[in-house]
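To start, the structure under review is shown below, and the notes come after it.
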Amino acid sequence: SISNNAKLASCFVHLDQFRMAVEAARKANSIRTWKEVNAACVAAKEFKLASICGLHIIVSPDHLDDLIGHYENLGYFDELISLMEQGLGLDG
């Protein structure tokens with residue numbers, strides 16, 4: 001179920017198991033879960049995994065400002081630009 005996978009993703013984040021968190025987020029497929037896992041991956045400098053999550057977030061304009069702000073606040077401008085470039089051509 002979505003709820004269980006979201007909780008599982010959150011647990012994996014707390015255990016620093018980011019790859020497993022991304023897999024659980026994929027199964028949950030909710031913006032809230034994608035945002036949580038993305039934020040944890042960015043904080044841990046796991047940018048490849050963060051971009052997997054980010055691509056699921058940027059197709060939702062309501063959440064784009066939060067995503068951009070998170071990268072900017074941590075000073076990861078190049079990684080943010082890379083994510084946006086990867087997202088070109090995606091649509092929700």
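Quick note: numbers below take in every heavy atom, side chains included, and nothing from hydrogens, waters or symmetry partners. The residues of the chain are indexed from 1 along the displayed sequence.
In this structure, CG on N38 lies 12.0 Å from CD on E46, to the nearest 0.5 angstrom. The structure places CG of N5 at 8.5 Å from OG1 of T33, a figure rounded to the nearest 0.5 Å. Taken to the nearest 0.5 Å, the CD atom of Q17 stands 11.0 Å off from the CG atom of L8. Within the model, atoms CD1 of I31 and NE2 of H63 stand 5.0 Å from one another, a figure rounded to the nearest 0.5 Å. Expressed to the nearest 0.5 Å, how far CD of E79 lies from NZ of K45 amounts to 9.5 Å. The structure places CD1 of I52 at 9.0 Å from CD of Q86, a figure rounded to the nearest 0.5 Å.
Contact record, L80 with I68: CD2-CG2, 3.8 Å, taken as the closest heavy-atom pair. Closest approach of V13 and A40 over heavy atoms only: CG1-CB, 3.4 Å. Annotation for A24 and F12: closest pair CB-CD1, 4.4 Å, computed over non-hydrogen atoms. Counting all heavy atoms, side chain and backbone alike, L83 lies closest to S51 at CD1-O, 3.7 Å. Taking every heavy atom of both residues into account, V42 and A50 meet most closely at CG2-CB, 3.6 Å. In terms of heavy-atom proximity, A28 sits nearest to A6 at CB-N, 3.6 Å.
Residues forming a ring pair (Phe, Tyr, Trp, His ring centres under 6.0 Å) with F47 (at least two apart in sequence, or on another chain): Y76.
Hydrophobic clustering keeps L49 apart from I81 (ILVMFWY residues linked when any side-chain heavy atoms are closer than 4.5 Å, directly or through intermediates). Residue M84 is grouped with residue L55 when hydrophobic side chains (ILVMFWY) are merged at heavy-atom distances under 4.5 angstrom, including chains of intermediate members.
Pairs passing the salt bridge (Lys or Arg N to Asp or Glu O under 4.0 Å) check and including a residue from residues 51-67, sequence neighbours excluded, read K35-D66. Counting only residues at least two apart or in different chains, ring-ring contact (aromatic ring centres under 6.0 Å, His included) contacts with residues 16-45 comprise W34-H56.
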(request) Begin with the C-alpha distance, continue with both residues' side-chain angles, and end with the deciding distance and a verdict on side-chain contact (heavy atoms from CB on, under 4.5 Å) for L67 and I58. (result) CA-CA 8 Å; L67 180 75; I58 62 176; 3.2 Å; yes

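At a threshold of 4.5 Å between non-hydrogen side-chain atoms, the residues V37 and C41 count as touching.
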